[in-house]
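Just so it is clear, the structure is predicted and the values come from calculations on it, not from any experiment. Note: hydrogens, waters and symmetry copies are ignored here, and every other heavy atom, side chains too, is used.
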Amino acid sequence: MSFIEKEMNYFMFMQLRDLAFSFMKKEVDIQYNQVSFLDIHAPKITISSFWENRTTKHHLGEKTDIYLRALGNYTYSDRNALLTFVKQIEKNRLPSFMKQLVSLLEDLRLEEKIQSLRPGTSKAFDFRRKQYADFFQDQLKVNRTRSFDGDILFSFLALSLLEGMEFKVETVLEIPEETMNQVKVKLFTAYECKHTSEVIDLSWGIYHLVSDYVKMDMINPYFTLPKIKVNRAKEMEEDESFDETLPTWSRKRKKETEETFMQFDDVDGEHQDMKFSETPRESESTDQVMASVQGQSQQTDFNDHSEASSEKIDSEDEDGFNKGKANRFAVAIEQELEAITASNRDAFEDFKQKTLLEKKKLVKLLTDLLERKRENNFRRLHYGKLDKKLVRFFTQDNPKMFVKKDDDDHFDCSFTLLVDCSSSMMNKMEKTKETMVLFHETLRQMDIPHSVIGFWEDGMDSDETYQPNYFHEVISFENSLQSKVGPHLMQLQPEEDNRDGFAIRYVAEKLTKQIAQHKFLLVLTDGKPAAFDYFQNGVMDTKQAIQEVEKKGIHTIGIQMDSQEEQQEKIMESMYNNHYLIVDQLEELPAQFASVLKKLIMIAS
């Protein structure tokens, strides 16, 4: 298991995925790797880590990778021609050099094509050329020092294309000047190529001129072809326009002491570090959080990426529960409810006393609100059941003295409290239990159905094909209004990891079965999701899960405890949009939670 957490700019990540979706007209996974390529079968696009330290305000470099893969390779590259080319070089002496040369020239051809169709992309491609020109200047020097023949020639060819005919160096692998002039003349016909097959023919022409002077193939991968598709039948079914599959070239990473910058890891879809912007964001108040929830049915959320980001997986569990692509090997296991012990009762009574004042204030406010609701909705009618309050008969000229026979004395809402039981909750579980008791006792007294579920993943038993996730439902909707179930709350304890996106989807299935008009899912957590093979995509998967359950009519609110880090706030905002609350001081958790609960119930009134 890897415990290295990498930062990503999740807002940029979602924008790039939406951009790819707009070109490909289908859901596409966006990941980060050391080289950019298109995996047509997944479908998946990787963004090169080349842009990690070269990012701009509008992420111009990253966008060019999307343009070239989602629009260029996907639409305008000839896959039959590339497949034939890959077969031709299987026994070639310089396969890496040839594949990367074709990749480079094809990218340049696609740049011209894309800019002619979409002139607005020119600024991004100008930035791309400038950055790669500077990079290959350095690489040419490094490769010369290390005598990497293939890399030296490739760096020279790339610089010639990027900087123009005037670019010159003293010697290139002792290739005669006349030959180099022929190479450069042929090379610049790349901008005249209109088809992938012409790019391949041009590459072969250059190869025949220089191959005798190149003693070793390329070591460093800078560019690569689209990734091979392993399931032709599925490809034909998904997209009839895809006639062939495309292989990709990869090389096992050399030891750290031998590699040069931009060397490619042969790890499919491994994410790379992406830094958050340095712009701070002001914390949202509780009122802002609730106003955002309340306004969802009235206006469009312009930050909602659900149409472009919700993912489906091929396999669902026996209950038809969509787990999300990042959780295809996650398995839900329901923990059996244990018998209440004397220590459970004692601890529960202690927490009841601690929260008694807060609960009384909250119940009093909600009771008054419910009374006003009944007064406004069911009293002062001209017919129905005679009201017991007869004062209006003597004080008003035309009094309305009747009420409806069936008074509505309930709030039409249901709640689920999902509690993170990961090991990092060790020093927060006491205040968490106090909050759970306040939640349960308040809703029970107000006759509002609710459930409390703890969740965690067993990290020790998890591997690449099996990730057991436990759900301990200590309060269920069926028994939530009973007076003796509260001590079960004390059975939740810190365990191991937390796979938030999977947990949200799982408990949402239970919540959707409630008949209440308003359904709320409160997630009590201490921050970023962390589980087996989940460090790098956990935030995005949780974001997707929240968007998916929102479509089912469930409002999800994240409540994070005891964190004053700006980074953590950015992560919460990435997952929950504006529907989150960060409680900086753990002692304030019950009171802040009560405020959230009050506002949500008022929305349902």
Judged by modelled atom types alone, do D29 and Q31 share a side-chain donor-acceptor pair under 3.5 Å? yes

Which word best sums up how the rings of Y222 and F135 line up, parallel for under 30°, tilted for 30 to 60°, or perpendicular for over 60°? perpendicular

Ion pair present between K184 and E163, side-chain N to carboxylate O less than 4.0 angstrom? no

Parallel, tilted or perpendicular: ring planes of Y132 versus F50, cut at 30 and 60 degrees: parallel

Any heavy-atom pair between the side chains of M180 and F156 that's under 4.5 Å? yes

With sequence neighbours left out, write down each residue that passes ring-ring contact (aromatic ring centres under 6.0 Å, His included) with Y576, or none if nothing qualifies. none

Any salt bridge linking K130 with D134? Criterion: basic side-chain nitrogen under 4.0 Å from a carboxylate oxygen. yes

Min side-chain heavy-atom separation D65-I45 under 4.5 Å: no

Validation row: I40, N73 side chains within 4.5 angstrom (heavy atoms): no

Once rounded to the nearest 0.5 Å, what's the spacing between atom CG of L104 and atom CG of L162? 7.0 Å

Heavy-atom donor-acceptor pair, T46 side chain to V35 backbone, under 3.5 Å: yes

After noting the C-alpha distance and the side-chain angles of C193 and L105, does the key distance pass the side-chain contact (heavy atoms from CB on, under 4.5 Å) rule? CA-CA 9 Å; C193 294; L105 297 181; over 6 Å; no

Would you call K570 and E573 a salt bridge, using N to O less than 4.0 angstrom? no

What do the steps show when you test T196 against D78 for side chain to side chain donor-acceptor pair (under 3.5 Å), and what is the final call? CA-CA 6 Å; T196 305; D78 186 333; 5.8 Å; no

Examine distances only and state if a side-chain atom of Y191 and a backbone atom of L108 form a donor-acceptor pair shorter than 3.5 Å. no

Within the structure provided, determine whether W204 and I200 are in side-chain contact (heavy-atom separation under 4.5 Å). yes

Take Y74 and K26 through the side-chain contact (heavy atoms from CB on, under 4.5 Å) test and state the conclusion after the steps. CA-CA 12 Å; Y74 186 79; K26 64 194 306 184; 3.4 Å; yes

Tell me whether D500 is salt-bridged to K543, with the criterion being a basic N under 4.0 Å from an acidic carboxylate O. no

Salt-bridge test for E198 and R109: reply yes if a basic N is under 4.0 Å from a carboxylate O, no otherwise. no

Does R328 pair with D533 as a salt bridge, N-O distance under 4.0 Å? no

Any side-chain heavy atom of R69 within less than 4.5 Å of one from F23? no

